[in-house]
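Letters A, B, ... are given to chains in the order of the sequence lines, protein chains preceding strands, and every chain is numbered from 1.
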Protein chains: 2
Amino acid sequence: MKKPAQTSATTTDILMVSDATLRGFVGYHMKRAFNVVQADLVRTLQPFELRMLTYSALVLIVDNPGLRQSQLADAMDIERPNLVVILDELEGRELVSRDRVPTDRRAYALTATPAGQLLCKRAVAAVEAHERALLSGLDDATRATLVAALSKIEKSGKSRA
Amino acid sequence: MKKPAQTSATTTDILMVSDATLRGFVGYHMKRAFNVVQADLVRTLQPFELRMLTYSALVLIVDNPGLRQSQLADAMDIERPNLVVILDELEGRELVSRDRVPTDRRAYALTATPAGQLLCKRAVAAVEAHERALLSGLDDATRATLVAALSKIEKSGKSRA
DNA sequence: TATTAATAGTTATTTCACATAACCATTAAG
DNA sequence: CTTAATGGTTATGTGAAATAACTATTAATA
């Protein structure tokens with residue numbers, strides 16, 4: 001009788017690590033799944049030299065031309081100071097422009113340049129394709145339930161912020 | 001005729017920011033929902049003086065007494081160097097101990113002290129309670145679908161790591 | 001109107017979660 | 001026995017967030 005391949009000559013005891021307790025939490029599953037999605041997103045955006053934040057900022061500016069930095073920060077759920085570097089980068093690449101608002105000389109109106117709009121369109125298309133591939137294992141009904149559940153969770157947080 | 005409350009004397013134009021494009025991505029919903037869950041988790045763990053990482057490390061050690069740091073790093077999907085500080089903290093608080101493995105004097109076997117086990121039990125209970133509250137809007141079937149979908153997404157990433 | 005308070009954006013600094021490179025000790029392989 | 005690989009560590013860097021404190025400007029109020 002052959003000994004089963006001498007699995008571990010080294011005392012390493014390839015005992016699988018159990019994460020049973022953590023698996024009991026929906027949050028744990030969310031983090032793990034999101035890590036996968038995010039890693040994919042980062043790879044997808046790399047050719048465009050966009051990061052998650054520059055990407056979502058750009059998309060929001062394209063979709064909401066003329067909005068203020070504070071509105072954008074609000075929409076992105078980040079603090080104003082963090083937005084500054086993001087916009088510095090986008091502006092430096094001439095993808096968006098900060099234009100003074102004549103009626104309020106404190107504020108800047110954000111708009112995407114033609115180059116920014118083009119890059120945005122391409123990036124969005126790429127992300128769509130990648131996400132479609134990543135979620136190909138889920139049928140439409142499941143995907144809808146997933147999104148609905150996530151929305152509900154998100155909303156339930158808005159109350160006790 | 002009363003003018004409708006002069007909604008904005010300032011030109012601020014309270015125009016709602018549209019995130020319609022981003023809402024088209026499941027990943028966006030995942031991030032938003034996870035932010036809520038994570039914020040809740042952080043608040044929940046604060047009384048125990050645990051952060052997400054110290055918490056999950058502790059739980060995994062309790063569930064897998066004797067495991068090595070590299071196994072733990074692997075299970076937590078982080079690099080070994082990052083685990084060092086986490087364990088320094090847990091060991092400093094005498095919640096876990098690093099014991100030399102006699103058969104391999106390079107490695108450390110990680111075990112939770114009684115204090116660590118107790119804290120772990122309490123923390124897990126608290127997180128369970130909080131998560132139950134957070135997910136109270138979802139019925140069991142939806143929750144099951146959610147977890148199944150997230151697991152599938154997670155797995156689909158494991159192939160193309 | 002003059003002063004105070006609030007707002008928009010910025011700078012500086014910090015924390016946390018992660019990654020890489022390089023190193024020491026020890027063990028395994030050639 | 002020399003070389004590889006492994007387990008843990010140190011040092012260091014990056015990206016995503018937050019806070020405090022500042023300037024310029026606009027709104028509120030006394």
Dump every N/O contact between nucleotides 20-25 of chain D and the protein below 3.5 Å, one line per pair.
residue : atom : partner  : partner atom : Å
D:dT25  : O2   : A:Arg106 : NH1          : 3.4

Same cluster for [X] and [Y] if Ile/Leu/Val/Met/Phe/Trp/Tyr side chains link at under 4.5 Å?
X: B:Val17; Y: A:Tyr108; result: no
X: B:Val101; Y: B:Ile61; result: no
X: B:Val96; Y: B:Leu45; result: yes

Is a salt bridge present between [X] and [Y], judged by a nitrogen-to-oxygen distance below 4.0 Å?
X: A:Asp74; Y: A:Arg80; result: no
X: B:Glu128; Y: B:Arg122; result: no
X: A:Arg32; Y: B:Asp77; result: yes

Whole angstrom is fine here: how far is it from [atom1] in [X] over to [atom2] in [N]?
X: A:Arg51; N: D:dT14; atom1: CZ; atom2: P; answer: 12 Å
X: A:Arg98; N: C:dA8; atom1: CZ; atom2: P; answer: 16 Å
X: A:Leu45; N: D:dA16; atom1: CG; atom2: P; answer: 11 Å
X: B:Arg68; N: C:dT27; atom1: CZ; atom2: P; answer: 12 Å
X: B:Gln69; N: C:dA25; atom1: CD; atom2: C1'; answer: 14 Å
X: A:Asp77; N: D:dA16; atom1: CG; atom2: C1'; answer: 13 Å
X: B:Arg80; N: C:dA21; atom1: CZ; atom2: P; answer: 13 Å
X: A:Ile78; N: C:dA8; atom1: CD1; atom2: C1'; answer: 15 Å

Query raised in the report: Across all strands, who's sitting opposite D:dA17 as a Watson-Crick or G-U wobble pair, both distances under 3.5 Å?
Result: C:dT14
Report summary line: Answer for the Watson-Crick or wobble partner of C:dT27, both distances under 3.5 Å, is none
Query raised in the report: Given C:dA19, C:dA17, C:dT10, which nucleotide is nearest the side-chain atoms of A:Tyr108?
Result: C:dT10
**Report entry** Residue B:Glu79, side-chain atoms from C-beta onward, closest of C:dT10, D:dA18, C:dA19
**Finding:** C:dA19
Run the side-chain donor-acceptor check on residues 81-90 of chain A: report pairs under 3.5 Å with partners two or more places apart or on a different chain.
residue : atom : partner : partner atom : Å
A:Asp88 : OD1  : A:Arg98 : NH2          : 2.2
A:Glu89 : OE1  : A:Arg51 : NH2          : 2.4

Query raised in the report: For residues 111-121 of chain B, which residue pairs qualify under side-chain hydrogen bond (donor to acceptor under 3.5 Å, both in side chains), counting only residues two or more places apart or in two chains?
Result: B:Ser97-B:Thr111, B:Asp99-B:Thr111
Requested in this report: Go through the structure and list residues passing side-chain hydrogen bond (donor to acceptor under 3.5 Å, both in side chains) with A:Thr21, not counting sequence neighbours.
Outcome: B:Asp63
Query raised in the report: Is any side-chain N or O of B:Gln38 closer than 4.0 Å to OP1 or OP2 of C:dA17?
Result: no
Query raised in the report: By side chain to side chain contact (heavy atoms under 4.5 Å, CB included), which residues pair with B:Val37, not counting sequence neighbours?
Result: A:Met30, A:Ile153, B:Leu134
Query - Whichever of A:Val101 and A:Leu53 has its nearest DNA chain D nucleotide further upstream toward 5' - result: A:Leu53
Query raised in the report: What parts of residues 82-89 of chain A reach DNA chain C, counting only heavy atoms under 4.0 Å away?
Result: A:Val84
**Report entry** A:Ser70 vs A:Lys31, nearer the 5' end of DNA chain C by closest nucleotide
**Finding:** A:Ser70
Query raised in the report: How should the glycosidic conformation of D:dA4 be described, syn or anti, under the criterion that syn lies within 90° of 0?
Result: syn
